J.: 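There's a structure below that I have some questions on.
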Protein chains: 2
Amino acid sequence: MRQGRGAVRDGGGMDGRSGERSGRTQAERLAGEIAEAIVTGALAPGSRLDEQALAERYGVSRTPVREALRQLGTSGLVEVRPRRGAVVAQVTAEQLAELFVAMAEIEATCARLAAQSMSPLERRRLDALHDSMADLARAGDPAAYARANTAFHGAVYAGAHNTVLADFALSLRRRLQPYREAQFRVAGRLARSHDEHGVVAAAILAGRAEEAHAAMLRHVTLVESSVEGLLARATGEAGGA
Amino acid sequence: MRQGRGAVRDGGGMDGRSGERSGRTQAERLAGEIAEAIVTGALAPGSRLDEQALAERYGVSRTPVREALRQLGTSGLVEVRPRRGAVVAQVTAEQLAELFVAMAEIEATCARLAAQSMSPLERRRLDALHDSMADLARAGDPAAYARANTAFHGAVYAGAHNTVLADFALSLRRRLQPYREAQFRVAGRLARSHDEHGVVAAAILAGRAEEAHAAMLRHVTLVESSVEGLLARATGEAGGA
DNA sequence: GCGCGAAAAATTGCATGCAACACCTGGAGT
DNA sequence: ACTCCAGGTGTTGCATGCAATTTTTCGCGC
């Protein structure tokens, strides 16, 4: 099936749907799509990522698929075994614990730096963001709260004024997203999460660096134990198949 | 120039860095080689990475080169612009500062965790390693000290018992290597570095977590200011030779 | 002389084909 | 029955070719 570059290409459109620039390469687009599929759980951990199957699925050849897989391999979302194909990265319980510890530490570090170096404007925005989340927590909408939660933590990363740490925190957050999301559906977790955010935000706004560090570390560690509780109850189902 | 798969392949050097199999693909080998060339300064920051040139240089086709470049792009060593080729990542002074801050924070975190969770054996080994460095510092051999220094910091990473943080610390360390190495040649820096290590090691061995954190943060921050002093004197030449 | 636009050259992006390795299946030997 | 090995099959790895897009060069008008 020669697809030929001259043939009509789907996305060839001028302004590109969903705001995506056509300036991105297929490999990048694929990396994003596959990452999305993994993070949302559409691709279960451990499932094989057949190059040809993915190529047909996304209407491209194997070459950009391979490039995307290698890219995702570096970021840790998929595991590429030398001549044995790629699989969605399987996180063992120990690795999950390490990921959570790492995220807690990085986020806490970001919080400390943010307390030291956020601008007045950034502090006001963080405050406003936290306030707006109170309603969501009361309303009890896990999905909406999860989105706002991402924004809140993102604001803290940004406030650290360190793109290296912020990028790392974001990548950890993405890798843990499937596990974190579930815990928002646990009764009462929303309100407690919001309370913990309040402690973090207050410390950052007041510039109390060590306190911000401790509060964020505690917050993320609590998320971890919440997730571990979930996993303990659903042992064995995580890996799928 | 059809090279055929049957041609003699070097078979890999078995560098044994982290237990890699000999079955590495060309793309992986290339990623390693190119990364090495960048880290050692053979490829200056900002230089274009022409796919065909690299392919000829390493005796392969453009396909594995492209895969390697994309891999390096994700790890941050290389910047890949969508249709405009790849260049060795240019670190501006600000980014360099951010990298150092990030490394300082991560290393400090590792030190704190190490103080909390190193095994008695690991503690003894760290102590022995530090002792052996005293001679090197006195002898004033920058290269030998640099190697031992890497081992010392590596022991701290390992002692944190968190591969996620350890891997990140290692990748930051690699990215900063060209800049850090120079400062060991500054007169007196070796002895001072060893003294700082002593404070870090003592805190870790005694299990004083917060002290270990503070000592490591201070140590790496001092390295940073030392490097900045060097850069200030050699403005603009940063990439070169 | 200088900016501007179009053709030419260079370079990237992707599709395809072929060879080597990994896995699976079936049979023989112990 | 179990292990071991040979053959077949599927998948990955890489080389190559072509189309599209940059970048460069050159000619033209101002």
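Below, all heavy atoms of this structure are taken into account, side chains as well, without hydrogens, waters or symmetry copies. Lettering of chains follows the sequences in order, A, B, ..., and the numbering in each one begins at 1. Bear in mind that the values here come from a model prediction, so they are computed numbers and not experimental data.
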J.: Under 3.5 Å, is there a donor-acceptor pair between the B:His161 and A:Glu98 side chains?
T.: no
J.: Strictly distance-based, threshold 3.5 Å: is any side-chain N or O of A:Ser117 a donor or acceptor partner for the main-chain N or O of A:Leu113?
T.: yes
J.: Taking atom types as modelled and ignoring hydrogens, do the side chains of A:Gln177 and A:Arg174 form a donor-acceptor contact shorter than 3.5 angstrom?
T.: no
J.: Dump the pairs, protein N or O against N or O of nucleotides 22-24 of chain C, anything under 3.5 Å, distances to one decimal.
T.:
from: C:dC23; atom 1: OP1; to: A:Arg84; atom 2: NE; distance (Å): 2.6
from: C:dC23; atom 1: OP1; to: A:Arg84; atom 2: NH2; distance (Å): 2.8

J.: I need the minimum non-hydrogen distance between B:Leu126 and B:Ala155, along with the two atoms involved.
T.: CD1-CB, 3.7 Å
J.: Which heavy atom in B:Ala31 sits nearest to a heavy atom in B:Ala68, and how many Å separate them?
T.: N-CB, 3.6 Å
J.: Just to confirm, is there a sub-4.0 Å distance from OP1 or OP2 of C:dA15 to any side-chain nitrogen or oxygen of A:Ser61?
T.: yes
J.: Testing the 3.5 Å rule here: is there a donor-acceptor pair between the side chains of B:Tyr157 and B:Arg173?
T.: yes
J.: Is the number of heavy atoms from other residues, nucleotides or ligands under 6.0 Å of A:Arg48 CZ greater than 12?
T.: yes
J.: Please confirm whether the shortest side-chain N or O distance from A:Arg48 to OP1 or OP2 of D:dT12 is below 4.0 Å.
T.: yes
J.: Can you tell me the distance, in whole Å, between the CZ atom of B:Arg62 and the C1' atom of D:dC18?
T.: 11 Å
J.: Tell me: CD of B:Gln52 to P of C:dT11, nearest whole Å?
T.: 8 Å
J.: Which whole-number value in Å describes the distance from A:Gln26 CD to D:dA20 C1'?
T.: 12 Å
J.: Let's test your reading of the model: under 3.5 Å, does the base of D:dT16 pair with the side chain of B:Thr63 as donor and acceptor?
T.: yes
J.: Figure out the CG/C1' separation between A:Asp50 and D:dT9, and round it to whole Å.
T.: 14 Å
J.: What is the distance, rounded to the nearest whole Å, between atom CZ of B:Arg81 and atom C1' of D:dT23?
T.: 12 Å
J.: Rounding to a whole Å, what distance do you find between B:Glu51:CD and D:dT21:C1'?
T.: 13 Å
J.: Between P on D:dT16 and CD on B:Glu56, what's the gap in Å once rounded to a whole number?
T.: 11 Å
J.: For DNA chain C, which residues of residues 65-80 of chain A approach it to below 4.0 angstrom with any heavy atom?
T.: none
J.: Less than 4.5 Å apart, side chain to side chain, heavy atoms only: is that true for A:Arg29 and A:Val60?
T.: yes
J.: Tell me the interatomic distance from B:Tyr58, atom OH, to D:dC14, atom C1', rounded to whole angstroms.
T.: 18 Å
J.: Could I get the full list of salt bridge (Lys or Arg N to Asp or Glu O under 4.0 Å) partners for A:Arg189, not counting sequence neighbours?
T.: A:Glu196
